[in-house]
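First the proteins, then the strands, lettered A, B, ... as listed; each starts at 1.
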Protein chains: 2
Amino acid sequence: MAEAKAFHAHDHTGCRGAALAHAEAVARDKGLRFTPVRRRALEILLEEHRALGAYDVLERLSADGFGAQPPVAYRALEFLVEHGFAHRIRRLNAFTACAHPGDAHAPAFFICESCDSVAEAPAEPVLTALRKEAAHIGFTVSRMNIEAVGTCPACAAGSPA
Amino acid sequence: MAEAKAFHAHDHTGCRGAALAHAEAVARDKGLRFTPVRRRALEILLEEHRALGAYDVLERLSADGFGAQPPVAYRALEFLVEHGFAHRIRRLNAFTACAHPGDAHAPAFFICESCDSVAEAPAEPVLTALRKEAAHIGFTVSRMNIEAVGTCPACAAGSPA
DNA sequence: CATCTCTTGTTATGTTATTACATTTCTATT
DNA sequence: AATAGAAATGTAATAACATAACAAGAGATG
């Protein structure tokens with residue numbers, strides 16, 4: 001099973017390249033247009049293992065010569081989220097690159113309240129439990145978000161990121 | 001086990017009264033000040049089985065003679081959430097009265113994308129599954145929100161609320 | 001009744017997100 | 001290659017959500 005990498009040292013440059021390559025491959029397969037803004041937006045998210053606000057992304061995009069108005073960022077981010085290349089963290093009003101591209105998707109997010117890092121972990125058992133509750137009340141789930149706030153291992157150990 | 005009532009006919013006046021009575025009792029026990037604004041804010045939330053935005057609540061509060069500025073609503077709502085009398089639905093930027101006051105709290109929310117109703121269901125199994133994932137990556141969970149978007153039974157049956 | 005704390009009210013501002021519309025770019029088809 | 005339709009982008013304007021900072025009032029405690 002894939003681990004939540006954000007809390008551990010890893011080949012960061014590699015994970016960036018892989019995510020981009022994956023997005024490109026998926027786009028080709030599905031006939032999506034992985035345009036420059038969209039690509040750049042994903043790169044921006046991949047540059048950090050924390051969630052970025054739409055306006056943070058916008059700032060960087062416009063610094064790179066793209067439009068400077070909010071919809072530029074929101075549209076690019078919406079595209080990334082819609083196709084599973086990124087996720088939206090409601091609790092933070094922010095976005096983060098998908099850490100497990102290609103996996104079946106029912107991710108849970110673990111947000112450290114001390115250092116703001118965000119880890120994404122696959123959460124099939126959580127999803128299963130939730131679907132069961134839903135079935136119980138006759139509700140059909142189409143999307144969901146599962147977000148936990150707490151303390152990451154590094155901060156618990158006294159060495160905040 | 002308690003059911004998600006929002007999707008079924010029930011004694012609505014009764015559930016309102018019970019929730020208020022419960023809040024009063026808890027406040028007495030814990031020495032909280034269940035002041036007029038706070039009480040009225042809870043009543044307002046109880047008047048609907050859907051989530052209300054802070055500004056919706058504010059509008060009603062100020063119509064009742066309370067202050068007309070955002071902090072009035074945000075503070076009252078914060079109090080209610082902090083003490084478990086209400087919940088915040090991040091996905092909707094909105095608040096809803098707690099449907100299971102007194103129960104141990106790890107609620108999941110089911111949001112109907114067709115009629116905007118929100119059901120709250122106890123979700124201990126979900127919580128358990130999530131804690132297990134968290135333990136796996138060394139993360140300590142302090143709070144969480146679990147929100148599912150989909151279709152409620154009534155809307156699925158073609159009779160949106 | 002003096003004081004301390006909590007709560008409320010208000011002003012001002014900060015942050016996040018969307019609507020609407022003009023323009024350009026891409027794609028498919030001729 | 002020309003062109004019509006669809007998708008994407010850029011921009012302006014504004015809507016919706018949320019908080020900081022401070023003054024004034026209400027309740028508890030000694």
Visitor: What distance do B:E82 atom CD and B:L32 atom CG have between them, rounded to the nearest 0.5 Å?
Guide: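 Here the interatomic distance stands at 8.5 Å.
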Visitor: Ignoring the backbone of A:T35, work out which of D:dT11, D:dT9, D:dA18 is nearest its side chain.
Guide: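 The closest nucleotide is D:dT9.
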Visitor: Rounding to an integer number of Å, can you tell me how far A:F66 CZ sits from D:dA8 P?
Guide: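 My rounded result for the distance is 15 Å.
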Visitor: Between CD of B:E147 and CZ of A:R143, what distance do you get to the nearest 0.5 Å?
Guide: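 One finds 12.0 Å between CD of B:E147 and CZ of A:R143.
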Visitor: Relative to the ring of A:F85, is the ring of A:F79 parallel (under 30°), tilted (30 to 60°) or perpendicular (over 60°)?
Guide: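 Answer is tilted, since the angle falls between 30° and 60°.
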Visitor: Looking at the side chain of A:Q69, which of D:dA8, D:dA18, D:dA12 is the nearest nucleotide?
Guide: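 From the listed options, D:dA12 comes nearest.
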Visitor: Just to confirm, is there a sub-4.0 Å distance from OP1 or OP2 of D:dC17 to any side-chain nitrogen or oxygen of A:N93?
Guide: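 For A:N93, the contact criterion (side-chain N or O under 4.0 Å from OP1 or OP2 of D:dC17) is not met.
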Visitor: Find the distance between SG (A:C98) and CG (A:L45) and round it off to the nearest 0.5 Å.
Guide: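 Between atom SG of A:C98 and atom CG of A:L45 there are 11.0 Å.
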Visitor: Within this structure, what is the CZ-CG distance for the pair A:R88 and A:N145, rounded to the nearest 0.5 Å?
Guide: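 A:R88 CZ to A:N145 CG: 10.0 Å, rounded to 0.5 Å.
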Visitor: Quick check for you: to the nearest 0.5 Å, what is the distance between A:N93 atom CG and A:L52 atom CG?
Guide: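 If we round to the nearest 0.5 Å, A:N93:CG and A:L52:CG are 13.0 Å apart.
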Visitor: Is the shortest distance from a Lys or Arg side-chain nitrogen in A:R40 or A:E43 to a carboxylate oxygen in the other one below 4.0 Å?
Guide: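 So A:R40 pairs with A:E43 through a salt bridge.
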Visitor: First and last nucleotide of DNA chain C touching chain A, 5' to 3', heavy-atom cut-off 4.0 Å?
Guide: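 Both ends considered, the range comes out as C:dT16 to C:dC26.
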Visitor: Given B:T140 and A:F110, is the side-chain contact (heavy atoms from CB on, under 4.5 Å) satisfied, shown in steps?
Guide: CA-CA 9 Å; B:T140 309; A:F110 297 92; over 6 Å; no
Visitor: Is there a side-chain contact (heavy atoms from CB on, under 4.5 Å) between A:L130 and A:M144? Walk through the geometry before answering.
Guide: CA-CA 9 Å; A:L130 190 58; A:M144 67 185 65; 3.4 Å; yes
Visitor: Mind calculating the distance between OH (A:Y55) and C1' (D:dA18) to the nearest angstrom?
Guide: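 In whole Å, D:dA18 C1' lies 14 Å from A:Y55 OH.
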Visitor: Below 4.0 angstrom, which residues in residues 73-92 of chain B have at least one non-hydrogen atom near DNA chain C?
Guide: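 Heavy-atom contacts with DNA chain C come from B:R75.
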Visitor: Indicate for each nucleotide in nucleotides 25-30 of chain D, in 5' to 3' sequence, whether protein heavy atoms under 4.0 Å reach the base (B), only the sugar-phosphate (S), or nothing (-).
Guide: --S---
Visitor: Between A:R38 and A:A68, which is nearer to the 5' end of DNA chain D once each is assigned its nearest nucleotide?
Guide: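 The 5'-side residue here is A:R38.
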Visitor: Atom CZ in A:F95, atom CG in A:D56: separation rounded to 0.5 Å?
Guide: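 Rounded to the nearest 0.5 Å, the CZ-CG separation comes out at 11.0 Å.
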Visitor: Does one side chain, of A:T96 or A:E120, offer a donor that lies under 3.5 Å from an acceptor on the other?
Guide: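 Judged by distance alone, the side chains do not pair up.
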Visitor: Nearest heavy atom decides the nucleotide; on that basis, is B:P71 or A:G53 closer to the 5' end of DNA chain C?
Guide: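 Per heavy-atom nearest nucleotide, the more 5' residue is B:P71.
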